[in-house]
Structures are given as structure tokens and as C-alpha cells.
> 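Before I ask anything, here is the structure I am working with.
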Amino acid sequence: MEKTEMLNAIIHHCTGGNKAQFANILGVTPQTISSWLKRNTFDIELIFAKCEYLNPAWLLSSGKGAMLKESSSLQGDLVQVRSVCSSPETSIDSTLDKPEAIPFAEAARNGLHPIPLVTRKAAAGFGNGDFSIEEADVKEYYVIPKFKYCHVDFMIEVSGLSMYPHFNPGDVIACSILRSTQFLQWNKCHVIATREQGILVKRLMPGEDKKHLRAVSDNKEYPPFDIPVDEITGIAVVVGHVGLE
């Protein structure tokens, strides 16, 4: 499917074909929409960020499959928990048909600890002196049995499409803060807090010199780039993730 066809389908679904109204939803000018249609292109990241009901696979595969996500709720869908914390060679995959909440008191008796789901702003500051997370920046606490034997400091939601298909936008990733660069795991997913670019979720590889690290996306549309080490305020390794099937 041509990008023009895809864009027209999105506009029709969102606003019944009103391009000016759709431009207002995206926060761009109507001329921008006209330019996209003329050049057979559009800003995938912007449209997905503003139209969260769109299926990312449809956007990235030139319109193959369903345009819209299936309506979902935790009670009706399958929740997949993937944990990779046992060792670099070990992974655990499980699908839970009916996820059930575990009371915190019962969780504590079983050695489970509530994990904070934090804002991206909070994660951006996890590289401070004591690696603390402010209570005000915690969205919610969750108990996840699969992470019982993992060291998880916080969880954060994935945004954007740079790590698709490994992570979908909206997936929740569990992170363990690294207090020393000797614990970096090359080619593993990390959350990197930077001064200029904010929070990044990337695979890390050695840079061309000791002053840089190479950030690599799973989505091949995003080229690798080097991050100056002195721009990094903190790094956490991703030890697992939770997403809806």
C-alpha cells in the first residue's frame, strides 16, 4: 500500500477526511499534510504518538494487516511476561490466561516485592548520587511473580517504534540500575539517561573510542549512533518486559 493511501485511510478514520482537523490533532499545519500526500510520505513517529489506536505493525509494513489495534483489557487479553534476568544465556517465557492481582501482604510473605512503574522524568534522574526514585514520580506499584529472582529497581513504559518488533510501544520494561560500567552487557537492551536526548531504550555496543558508546535500534529504519559517555547520567539494563498479546 502506498504511503498516500495509508495516510488518507488514517485521515478518513480520524476525521472523516477533514485534513485541516487531522493536522490540528497532530499539531502541524494543513500544508504539512498536503506536502506528505504530494510526496507519498508521512511522519510515522508523530502519527503513532498522536493516534495510539493504530497498529504499529500496519504502520511499519506498508499497510499490511489490520490498521487498528484490537480493543483490549487485561482481563480479556493474554499477558506475556518475558524475563531474562537469570543469566545472559537463560530466558523464561510464559503466557498467563487470566492474570490475577496478588495482595501486597501475600506477596511479601512469598518473597515478592512491589516494583515501581515510574515516569520517564523519574528515570531520567536515576543516575544521581544515591540512585533514588522520588515517590511523586511513581505511577503505580506492581507485583510480578516472574521477577521474583530478578533484581528490578523500576519499570518504565516503552514509547516510539525504534525497538520494534522486540518491544512494542506501551510495553513495560523492568530495569536494573547499573552502578558500574563494568556490568554493561554488550548487545543487550539498556535504558540510557542522557542530558540532551532524555531517556533512550537501545542495545549498547562499544563505541569507536572509550569516550563513546554505540546505541543500536532493533528497528532497521533507525541507524546506530554514538553517545558521548560524558552525556550519560545513568544506565539500567533491561531484565524483562510485560506486554499484551
Side-chain angles (χ1 to χ4, degrees), residues 74 77-96 99-160 162-194 198-204 213 215 218 232-245:
L74 281 177
D77 285 340
L78 300 180
V79 176
Q80 182 186 64
V81 179
R82 178 173 174 80
S83 171
V84 294
C85 61
S86 300
S87 71
E89 296 77 30
T90 304
S91 65
I92 304 170
D93 286 282
S94 66
T95 303
L96 311 177
E100 297 179 357
I102 301 175
F104 282 1
E106 180 182 338
R109 286 195 295 271
N110 289 288
L112 300 171
H113 302 286
I115 303 169
L117 174 66
V118 304
T119 63
R120 296 182 73 82
K121 176 184 174 184
F126 67 62
N128 57 28
D130 57 2
F131 294 91
S132 62
I133 294 172
E134 297 294 330
E135 191 68 28
D137 290 322
V138 176
K139 291 183 177 182
E140 187 59 88
Y141 287 91
Y142 293 93
V143 172
I144 301 178
K146 282 292 180 183
F147 295 155
K148 179 177 180 179
Y149 299 108
C150 302
H151 177 80
V152 179
D153 291 300
F154 65 93
M155 298 189 298
I156 189 172
E157 291 182 62
V158 174
S159 66
S162 68
M163 294 305 290
Y164 182 87
H166 189 72
F167 297 139
N168 289 301
D171 282 358
V172 173
I173 52 178
C175 307
S176 178
I177 294 170
L178 300 183
R179 290 164 171 80
S180 173
T181 54
Q182 67 179 338
F183 296 114
L184 287 174
Q185 299 179 38
W186 300 129
N187 204 35
K188 297 292 185 182
C189 294
H190 292 74
V191 172
I192 309 107
T194 67
I199 289 294
L200 303 172
V201 180
K202 304 287 183 184
R203 295 186 186 277
L204 282 181
L213 293 176
D218 282 356
I232 298 173
T233 61
I235 299 177
V237 64
V238 176
V239 298
H241 79 273
V242 180
L244 290 177
E245 280 290 328

> Rounded at 0.5 Å granularity, tell me how far OH in Y164 sits from CG in D171.
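Atom-to-atom, Y164:OH and D171:CG are 10.5 Å apart.
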> Write down the atom of L213, the atom of W186, and the distance for their closest heavy-atom approach.
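Distance-wise, the nearest heavy atoms are CD2-CH2, 3.7 Å.
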> Working to the nearest 0.5 Å, report the span between CD1 of I235 and CD1 of I177.
11.5 Å
> If the condition is side chain to side chain contact (heavy atoms under 4.5 Å, CB included), which residues does I115 pass it with, not counting sequence neighbours?
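Per chain and number, I115 pairs via side chain to side chain contact (heavy atoms under 4.5 Å, CB included) with F147, V152, M155.
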> Check H166 against D218 and note the closest heavy-atom contact, atom names and distance.
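Shortest heavy-atom separation between H166 and D218 comes out as CB-OD2, 2.9 Å.
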> Over 60° means perpendicular and under 30° means parallel, so tell me whether F167 and H241 are parallel, tilted or perpendicular.
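Answer is perpendicular, since the angle exceeds 60°.
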> For the residue pair C175 and A236, what are the closest heavy atoms and their distance?
CB-CB, 3.8 Å
> Taking side chain as C-beta onward, heavy atoms only, is V201 less than 4.5 Å from I156?
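The answer is no, as the side chains (C-beta and beyond) never meet within the 4.5 Å cut-off.
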> Measure the CG-NE2 distance between L184 and H190 for me, rounded to the nearest 0.5 Å.
5.0 Å
> Check side chain to side chain contact (heavy atoms under 4.5 Å, CB included) between S159 and all other residues, then give those that pass, not counting sequence neighbours.
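Only R120 meet the side chain to side chain contact (heavy atoms under 4.5 Å, CB included) criterion with S159.
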> Evaluate side chain to side chain contact (heavy atoms under 4.5 Å, CB included) for Y142 paired with L117, printing each intermediate quantity in order.
CA-CA 7 Å; Y142 293 93; L117 174 66; 3.9 Å; yes
> For V238 and V191: C-alpha separation, side-chain torsions, deciding distance, then whether side chain to side chain contact (heavy atoms under 4.5 Å, CB included) applies.
CA-CA 7 Å; V238 176; V191 172; 4.1 Å; yes
> So, do H151 and V239 sit near enough that their side-chain heavy atoms are less than 4.5 Å apart?
no
> Of all residues at least two apart in sequence or in a different chain, which pass the side chain to side chain donor-acceptor pair (under 3.5 Å) check with S176?
none
> From I173 CD1 over to E157 CD, what is the distance, rounded to the nearest 0.5 angstrom?
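Separation between the atoms: 10.0 Å.
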> Given K139 and T119, is the side chain to side chain contact (heavy atoms under 4.5 Å, CB included) satisfied, shown in steps?
CA-CA 7 Å; K139 291 183 177 182; T119 63; 4.0 Å; yes
